[in-house]
Amino acid sequence: MLSDTFQNTSSPLLAQLNEEQYRAVALPAEHALILAGAGSGKTRVLTTRIAWLLQTSQVSPGGILAVTFTNKAAKEMKLRLQSMLPVNVNAMWIGTFHGLCNRFLRAHYQLAGLPQTFQILDTQDQLSAIKRLCKQFNVDEDRFPPKQLQYFISGCKEDGQRPGDVTVRDDETRRKVELYQLYEEQCQREGVVDFGELMLRSYELLRDNVHVREHYRRRFRHILVDEFQDTNKLQYAWLKLLVGLPGEGSEGAILAVGDDDQSIYAFRGARVGNMADFVREFQVQHQIKLEQNYRSYSNILDSANHLISHNKTRLGKTLRTTQGAGEPVRVVESPSDFAEAQWLVEELRQLVKQDGFERKEVALLYRSNAQSRVLETALFNAGFPYRVYGGLRFFERAEIKHALAYLRLMENPNDDTSFLRVVNFPPRGIGARSIEQLQDAARVAGCSLHDAVSATTGKAGANLAAFVAMIDVLREQTEGMTLREIIDLVLDKTGLVNHYRAEKEGADRVENLEELVNAAESFVTQEGFGRSAVALPQALSQSPASQGLNMNVTASEARQSISESPRLFGSREDGDDVNEFSEDGVIMSPLAAFLTHASLEAGDNQAQAGEDAVQLMTVHASKGLEFDAVFITGLEEGLFPHENAMNDFDGLEEERRLMYVAITRARKRLYLSHSQTRMLHGQTRYNLKSRFLEELPEECLKWVTPKNAGFSNLGSSSGGGFGGGGAWGQTPAQNRHARPAWGQSSLSTETYKSPPLPVQKAEPEHGISAGKNVFHNKFGEGKVLAVEGTGTDARAQVNFPRHGVKWLALSVAKLTVV
DNA sequence: GCCATGCTGCTTTTT
DNA sequence: GCAGCATGGC
C-alpha cells in the first residue's frame, strides 16, 4: 500500500528516497518525531519535506519555520532547498534558534522593551560585562568568580528563570540572584542582550502577548526542528508557545528530527528528555525511525551498534547498511602519547601514499583539546599538512572585536562594553584612573559612559571628549556610505590599522582587519544590499516610539502598546517580498545587519576549501561530519570516558554516546588508538585502555598490537612491599595544603593533589599498581585502575563498586592490597 | 602604560 | 605543561 504511493508518486523530489525517508517526507500535517540515525539522510529528509510541502501547495513559504542549532546547518538547509526548487528561501524562517529569535525581536523590539539598535553580546562580551559589574559592586571575586556568575546567569536563562523566579536557599544563591538582577539592569541600560536573553525575551513576548502569539501561530503551519535531542528547556518551551499544544486550537505542526543516541550536549543544558516530552505533550501519532545508513561499512556500523547497546536509556534504534563488511576496525596500543603520535604520522603517510586516501578525508579525533598538541607537534615535525578545528574564530579575534566595538558604538553609544574595549585602544592617554572617574560619574548620573563624558574635566576629560567626538563624527561622516567605505574609514580614523602596522607582530592582525573589510563586502553582495538606507516600514515609522532609542519603554508599557499598533502584524502573512534584513518589516542599515551577523555567526572555523590537510578536532566538533578514514585517539579510562564523567551513570552514558558519534563518522576505515602512558597536567599518567574498547564486537576488530600488551608490569615493579616507609610514612602535616584537585566539580573530598615537591627518583613503595584489588576503610574493596606520580604525589585511581571511581592520594588514603 | 613574572586551574561548545 | 590572567614594578 505504502510502496504503491511510493512508486506512483509523480514528483521527482521523492523518487530518490528510501521507504522510511519517504514516509517521513510525506507525513500528514500533524506533529511527528523522526528518529534519525547517524548517516541516515536526515538533512535530505528535512529539506525534501519542506520542498514537498511547498510543491504540493500545502503551505506557502511564509508558513515554514525551520530551526537548527548552527549557522552551518541552517545555511546547508537553505542551499539544498534552493537546489531543489525555485523558491525564495528568505521568505521562510530558516535559521538557528538565536537567529530566529533575533529576527523576531528586531520585528517587535518595542514590545520586547528593547532599543531598535540593540546589540548582541557574545560569550566574551558577556563575561567582561559581568566582570565590570563585579568591580562596580565590589564583589569578592574569590567567592563569586565572574565565570561562575556567567554560568549561573546563563543557566537561569536557559531554564527560563528571571531573578525573581530563582529559588533561593542560601546566602550564596541570594547574592548570585542579586547580581543577576543587577546584570540585567546593566544590559537593559546599555541596550545589549546576551544569547540567553535573545531566547528568553522571545519566549516571554510570546507568552505574555496574546496578539503576537496568535499571529505567529496562525502564520507558521509547519515547524521543523533539527537536532531535537539538543534542545534545552527554554527552547522547547519556546516551541510550545510558538505552536501551541493540542487543545489550544492551533494548527501548526511540528516535525522534530533527532537522535537520542547522538545527544552529547547535556553539559550545556540539552535535555534528551524533550523528545519523550514532545511525544507525550503533543500527542504525537507519527514516529518514524531512519535506520538505513548510507555512510559506513558494516564492521564500523556493527561496532557502533554494539557499543551503544550498552546504554540503558535509549529510545532504541539499530543502524543497518547494504554495503559489505569492509575492513576490520583497527585497534592500536602505543607505549606513550608521543609514540601514539609518531605511529599516527606513519600510518597517515601510508594511508595517503599507498591506500590512496585524500588527506582532507582523514580525521584525527580526540576527547579533549589538550590532546591535540602532541599530535600537532608530530605532524608539524613530519611536515604533514594538517588543520585543527576549534580555537578562536574570525569574529572572536581581538583585533576584529576592537574594530567591531567601534562600529557598535556608532550604532549604539550606550554600549559600555564596547566603549571600554576601545576607549583606550589604540592608546590615547586615557588611563585606568580616568576611566574609573568616568564610571563613577556615569553611575551618579545614571547614564552611559558615552553620555557621562561631557561632565568630565581636565586633561583626561579632554582626551575622553576627543574619543567621543571621534565616534560621533564617524557616525555622521559615514551616513550614506557603503559598508565597505564605513569600515575602511573607521579602521583608518580610529588608528587601529596603524597601531597594528607599527607593531612587530602585528602583520597577521592587519591582515585580519583587511579580511574584515572583505567579509563585509561579501556580506553585502551576498545579502544583496548596498546603501545605508534607514527606511522604516510604514507601521513602524508612524509609531512615535520608533524615533530614537526607546529604552525607557518598559516591557509592560511596550506590551500594552501592541493594541495601538496593530499594523505591525497581519498583511505580511506570506512574507514573499521580505528579505533577510527587512526582518518582516524593519529595514536595518547594512552596518546594523553586519554587526548582528558578526555576533550571531562567529565565523566558520574557516575550513579553507581546497586545502588538502588531515583534519584534527574534538569528537564533539566532528558531529555531523563524515570522513573516509577516522582515527579515534586517546581511548583510555579517565580520558575517554573522561574521569569527570564516569562517576555517574548519565555521564558515562553520554560519554558512550560520544564514542558512538565518533565511530559513526567513518566511512571506510576506522582506527581506535590508546596509549599506556600519557602526559596530562604536566604529569605522566598510566591509564587503562578505555572500557569502550571492550564494548565492541570482537569479530569486527583487528588488534594491530597484541591485545593486552604492556600492562602487566606497569607500575608493579615496586620493590619493597608497602605499609612501611616511603609514601606511607608521610606525616599528615605534609599534606596540610592538600586540596581537592578539581575544585568545585569534585564531590569527593578524598581526591587530593599534593603540593609540588622535588621529584623523587625512587620507585613507588606503596605496592599499589593498576589491576590490583585494594581495601579502603570507608569505601571497602575496589580495583586499582591507574597509578600516577611518585612519593607524596602518588595517586591511585580506584574503582569502588559501591562508591564509584575515585582518585586517592596514596600518602593520605589508607589502602591495603587484598 | 607597559612589560615581566608568578599563580591558578585544567572536558566537551554553539549561539 | 602551559595558557590566561592578575599583580606589581618601573
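Naming: A, B, ... by sequence-line order, numbering from 1 per chain.
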Could you check how far CG of A:Asp230 sits from P of B:dT12, rounded to whole Å? 17 Å
Look at all strands and tell whether A:Glu396 reaches a base, only sugar-phosphate, or nothing, counting heavy atoms closer than 4.0 Å. nothing
Describe the nucleic acid contact of A:Asp194 in one word from base, sugar-phosphate, nothing, applying a heavy-atom distance below 4.0 Å. nothing
Face-to-face stacking of A:His98 with B:dT15, centres under 5.5 angstrom, angle under 30°: no
Can you confirm whether the side chains of A:Thr123 and A:Gln126 place a donor and an acceptor under 3.5 Å from each other? no
Is the closest basic N to carboxylate O distance between A:Glu158 and A:Arg268 below 4.0 Å? no
Reckon A:Asn424 touches a base, only the sugar-phosphate, or nothing at all at heavy-atom distances under 4.0 Å? sugar-phosphate
Can you tell me which stems DNA chain B forms, taking runs of 3 or more consecutive Watson-Crick or G-U pairs with both distances under 3.5 Å? B:1-10 with C:1-10
Residues A:Asp122, A:Lys401: salt bridge by 4.0 Å N-O rule: yes
Please pick, from B:dT15, C:dC2, B:dT14, the nucleotide with the shortest atom-to-atom distance to any side-chain atom of A:Arg268. B:dT14
Closest-nucleotide mapping onto DNA chain B: is A:Glu655 or A:Pro427 further toward the 5' terminus? I mean the 5' end. A:Pro427
Name the closest nucleotide to the A:Lys131 side chain, picking from C:dA6, B:dT15, B:dT11. C:dA6
side-chain hydrogen bond (donor to acceptor under 3.5 Å, both in side chains) evaluation trace for A:Arg678 with A:Ser336: CA-CA 6 Å; A:Arg678 183 173 297 275; A:Ser336 68; over 6 Å; no
Against the side chain of A:Arg393, the closest entry in B:dT13, B:dT15, B:dT11 is B:dT15
Distance check, P atoms only: B:dT12 and C:dC5, in whole angstrom units. 16 Å
Please list, chain by chain and in numerical order, all residues satisfying side chain to side chain donor-acceptor pair (under 3.5 Å) with A:Thr70, sequence neighbours excluded. none
With respect to the side chain of A:Thr96, which nucleotide from B:dT15, B:dC10, B:dT13 is positioned closest? B:dT15
Using a cut-off of less than 4.0 Å, is there contact between a side-chain N or O of A:Asn232 and OP1 or OP2 of B:dT14? no
Sugar-phosphate, base or nothing in reach of A:Met679, heavy atoms under 4.0 Å: sugar-phosphate
Is the aromatic ring centre of A:Phe267 closer than 5.5 Å to the centre of the six-membered base ring of B:dT12, with the two planes inclined by less than 30°? yes
Regarding A:Ile430, tell me which of base, sugar-phosphate or nothing describes its non-hydrogen contacts under 4.0 Å with the strands shown. sugar-phosphate
Return the nearest nucleotide to the side chain of A:Tyr265; candidates are B:dT13, B:dT12, B:dT15. B:dT13
For A:Phe97, answer base if it contacts any base atom (sugar-phosphate contacts may also be present), sugar-phosphate if it contacts only those atoms, and nothing otherwise; contact means non-hydrogen atoms under 4.0 Å. nothing
Selection residues 133-156 of chain A - residue pairs positive for ring-ring contact (aromatic ring centres under 6.0 Å, His included), sequence neighbours left out: none
Report the nucleotide, chosen from C:dA3, B:dG1, C:dG1, that has the shortest atom-to-atom distance to any side-chain atom of A:Arg373. C:dA3
In terms of base orientation, is B:dT11 syn or anti, with the syn window spanning 90° either side of 0? syn
So, are A:Asp261 and A:Arg657 salt-bridged, with charged N and O less than 4.0 Å apart? no
What nucleic acid atoms does A:Ala602 come within less than 4.0 Å of, heavy atoms only: base, sugar-phosphate, or nothing? nothing
Rounded to whole Å, CG of A:Asp125 lies from C1' of B:dT15 at a distance of 13 Å
For A:Asn369 and B:dT12, is the shortest distance between a side-chain N/O and OP1 or OP2 below 4.0 Å? yes
Could you work out the separation of C:dA3 and B:dT14 based on their C1' atoms and round it to a whole Å? 23 Å
Record whether the side chain of A:Thr123 comes under 3.5 Å of the base of B:dT13 through a donor-acceptor pair of N or O atoms. no
In sequence, state the C-alpha distance, the side-chain angles, and the governing distance for A:Ser675 and A:Glu636, and then conclude on side-chain hydrogen bond (donor to acceptor under 3.5 Å, both in side chains). CA-CA 7 Å; A:Ser675 167; A:Glu636 294 134 42; 4.7 Å; no
Just call it for A:Asp122: base, sugar-phosphate, or nothing, with non-hydrogen atoms closer than 4.0 Å on any strand. nothing
Assess, by modelled atom type and distance only, whether the side chains of A:Gln437 and A:Thr456 contain a donor and an acceptor separated by less than 3.5 Å. no
